[in-house]
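Residues: numbered from 1 along the sequence shown.
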Amino acid sequence: MDYPNRFDVIVIGGGHAGTEAALAAARMGADTLLLTHNIETLGQMSCNPAIGGIGKSHLVREIDALGGAMAHATDLAGIQFRVLNARKGPAVRATRAQADRALYRQAIRNILENQPNLTLFQQAADDLIVEGDEVRGVVTQGGIRFSAKSVVLTTGTFLGGVIHIGMQHHSGGRAGDPPSIALADRLRELDLPVGRLKTGTPPRIDAKTVDFSVMDAQPGDDPMPVMSFMGRPEEHPEQVNCWITHTNAQTHELIRANLDRSPMYAGVIEGVGPRYCPSIEDKVNRFADKDSHQVFIEPEGLNTQELYPNGISTSLPFDVQLEVVHSIRGMENAHITRPGYAIEYDFFDPQGLWHSLETKTLKNLWFAGQINGTTGYEEAGAQGLLAAINAVRRARDEDSWCPRRDEAYLGVLVDDLVTHGTAEPYRMFTSRAEYRLLLREDNADLRLTEKGRELGLVDDPRWAAFCEKRDAIEQEKARMASTWIQPQSPQAEQLADKLKQPLSREYSLADLIKRPELDYPTLAAVAPSEADLSEAAAEQVQIQLKYAGYIDRQAGEIEKLRRHESTTLPQALDYQAVDGLSNEIRQKLSTARPETLAQAARIPGVTPAAISMLLIHLKKKQ
Ligand code: FAD
């Protein structure tokens, strides 16, 4: 049957990409359908019950700055919060939360169910309605035809999913869920650039059978951090400890002796796994000189005994998994509640996407999340949000939008994927961003909320809170620049201890804060502001003034690059006709079809000389 309504946007898949996509489209006012296998698994964390961490928290904060759900749901579900790299510079600081799996799902479902303009429907999407080179809708397993102006596909690890435990394998989207076979077959027919990847998960453990007394307790931070810019620590549920134990020589010996029974090593799995989230068999094999690896024992929730042993993801047969777990200190008598497994699935080469995340092959079809070769909830959520923005903008005949690499980790993520593709599951790191000092997790709101408001993603309460914070920061920075401390004044004497030598002349507070011995709280105590500055605003004043020199330098570099960024390359450009390019570079450019000169410059092997040739060619054509 034909469903009576025509939607603006249909999102397929209720994982992390799909839920952010559906919410974003609906927030923008688009009539949106979220079609998913199972409403009970909306927002399900397939693997580790944790959100954030290095590089990833930057994405979570960016999703939040654009009005998304992930950070808020984490604040409602987080049972342990920590700031990683707290002693290092602000660019690499990262908030990480252990989440109660059930509370997280509940929070996401609650947000979805209460979102205006959003309709939920439970059924598998088996087919796409395609006319010419345009997608017009979706057909479900039960034969319902939904039509829409734009379709966003976020099917995670489900397309052609095969689960491996030792030499046994079966079809599955993840443990307990069906795979997506009909849709995978259809996408293969449609001439999209398909490949295979794999990922894995550890066995889960019954806490009643674990001896925590021989493990190191790892408490959360006090005071408790929050994930969302709108979050409050009071929103967090009860907080609990995680635990640390280690693998040992015996564990590694067991793994080595059974490598021939690992589907990875026996050649049964063709897909490449995540380099930065390797299985324990990969770690033992790759780091043969190490006889111990850390294992973080993480609670899966407040109302369950299940534990997630982070660090021993495996697809070894169950009997070996049992021996491996029993070889680890504190888990000698542990009971495995669910075996670990690896999953292989279809993904599509993201070089087949525009920066909007629309496919180059089919108009009105967007891909987001694991389907694009990434791994991780945060990477998925961020892409879902972007794909939905552009799906809505297409439905309204508006130009697409993607943040630049100097504006957001989301910009880095998409640009990396679209320009370079990926041969292994891609995860975010701070090291992937060249402008780390500008792209901090603490300033994601200052970087993106105004844009989010313009795009229609940010609601009134968030906008009001943002404007108040932004204005307070600017006012306080201005006060710091115009407040002078005279030598031998009482204020200078108060600072003498910290400065170790007296002030030689008058200095503004904005100058003084640049000194390593001084910080904002010290200066605010000596020369207080009349305004009642929030902690978050004070942190911004401190970072922006203290690192002003470095920040300005990066801003200068970006300005230079931006000139290339705004030089667009015609999509029909015949690279064979550009004089002076090597055949290899012509080939690379013809395949990647970069949208701007700056994107062309980021393609590996495309030299600065080649960029000059392109510039000359473009000028000649004008
Ligand atoms: P998913 O969260 O997988 O969501 C896909 C959604 O689409 C599901 O709701 C599904 O039911 C629905 N769906 C699929 N096909 C259809 C269809 N045809 N019709 C309707 N609905 C459909 N990430 C890490 O960062 N580190 C790890 O170590 C890690 N290990 C993992 C191990 C395993 C075994 C698995 C399964 C995942 C692992 N992940 C890991 C990946 C993490 O789960 C994903 O990156 C993240 O969930 C991707 O989000 P997504 O929205 O793209 O897809």
Run the numbers on Asn443 and Gln540 for side-chain hydrogen bond (donor to acceptor under 3.5 Å, both in side chains), then give the verdict.
CA-CA 7 Å; Asn443 71 351; Gln540 284 312 306; 5.2 Å; no

Show your reasoning for whether side chain to side chain contact (heavy atoms under 4.5 Å, CB included) applies to Gln218 and Cys242.
CA-CA 5 Å; Gln218 189 190 42; Cys242 292; 3.7 Å; yes

So, are [X] and [Y] salt-bridged, with charged N and O less than 4.0 Å apart?
X: Arg453; Y: Glu450; result: no
X: Arg432; Y: Glu379; result: no
X: Arg109; Y: Glu40; result: yes
X: Arg204; Y: Glu306; result: no
X: Arg462; Y: Asp445; result: no

Check [X] against [Y] and note the closest heavy-atom contact, atom names and distance.
X: Pro90; Y: Asp442; answer: CB-OD2, 4.0 Å
X: Ala408; Y: Leu439; answer: N-CD2, 3.5 Å
X: Ser313; Y: Gly200; answer: OG-C, 3.2 Å
X: Ile79; Y: Gly301; answer: CD1-CA, 4.0 Å
X: Gly172; Y: Ile163; answer: CA-CD1, 4.0 Å
X: Ala26; Y: Asn117; answer: O-ND2, 2.9 Å

Measuring from atom [atom1] of [X] to atom [atom2] of [Y], what distance do you get when rounded to the nearest 0.5 angstrom?
X: Glu378; Y: Tyr409; atom1: CD; atom2: OH; result: 13.5 Å
X: Asn372; Y: Leu417; atom1: CG; atom2: CG; result: 6.5 Å
X: Trp354; Y: Asn390; atom1: CH2; atom2: CG; result: 13.5 Å
X: Arg96; Y: Asp221; atom1: CZ; atom2: CG; result: 12.0 Å
X: Glu398; Y: Met28; atom1: CD; atom2: CE; result: 7.0 Å
X: Leu103; Y: Asn110; atom1: CG; atom2: CG; result: 11.5 Å

Quick check against the 3.5 Å criterion: does [X] have a side-chain atom that pairs as donor or acceptor with the backbone of [Y]?
X: Thr155; Y: Leu159; result: no
X: Arg105; Y: Gly43; result: no
X: Lys451; Y: Leu66; result: no
X: Tyr308; Y: Thr201; result: no
X: Thr119; Y: Leu33; result: no
X: Asp75; Y: Met227; result: yes
X: Asp100; Y: Ala102; result: yes
X: Arg447; Y: Glu407; result: yes
X: Thr449; Y: Ala65; result: yes
X: Asp349; Y: Pro193; result: no

Are the side chains of [Y] and [X] in contact, using a 4.5 Å heavy-atom criterion?
X: Asp31; Y: Asp8; result: yes
X: Asn364; Y: Val151; result: no
X: Phe81; Y: Val226; result: no
X: Val130; Y: Arg186; result: yes
X: Glu595; Y: His355; result: yes
X: Phe466; Y: Leu446; result: yes
X: Met70; Y: Thr19; result: no
X: Thr95; Y: Val60; result: no

Evaluate whether atom [atom1] of [X] has more than 12 neighbouring non-hydrogen atoms of other residues, nucleotides or ligands under 6.0 angstrom away.
X: Glu134; atom1: CD; answer: yes
X: Glu234; atom1: CD; answer: yes
X: His420; atom1: NE2; answer: yes
X: Arg396; atom1: CZ; answer: yes
X: Asn114; atom1: CG; answer: yes
X: Asp2; atom1: CG; answer: yes

Regarding [X] and [Y], do their side chains bring together a donor and an acceptor under 3.5 Å, going by distance alone?
X: Ser46; Y: Arg174; answer: yes
X: Ser400; Y: Glu358; answer: no
X: Asp415; Y: Gln599; answer: no

Between Phe158 and His37, what is the ring plane arrangement, given parallel below 30°, perpendicular above 60°, and tilted in between?
tilted

For Ile336 and Ile205: C-alpha separation, side-chain torsions, deciding distance, then whether side chain to side chain contact (heavy atoms under 4.5 Å, CB included) applies.
CA-CA 5 Å; Ile336 293 181; Ile205 308 291; 4.0 Å; yes

Against Glu62, only a single residue in Leu385, Leu410, Leu386 fulfils side chain to side chain contact (heavy atoms under 4.5 Å, CB included); can you say which?
Leu410

Among Cys402, Pro350, Ser356, find the one that has a side chain to side chain contact (heavy atoms under 4.5 Å, CB included) with Val414.
Cys402

Please determine whether side chain to side chain contact (heavy atoms under 4.5 Å, CB included) holds for the pair Leu42 and Leu112, giving the CA-CA distance in whole Å, both sets of side-chain angles, and the decisive distance to 0.1 Å.
CA-CA 9 Å; Leu42 288 169; Leu112 287 164; 3.8 Å; yes

Determine, step by step, whether Leu76 and Gln106 satisfy the side chain to side chain contact (heavy atoms under 4.5 Å, CB included) criterion, reporting the C-alpha distance in whole Å, the side-chain angles of both residues, the deciding distance to 0.1 Å, and the verdict.
CA-CA 9 Å; Leu76 298 179; Gln106 198 179 307; over 6 Å; no

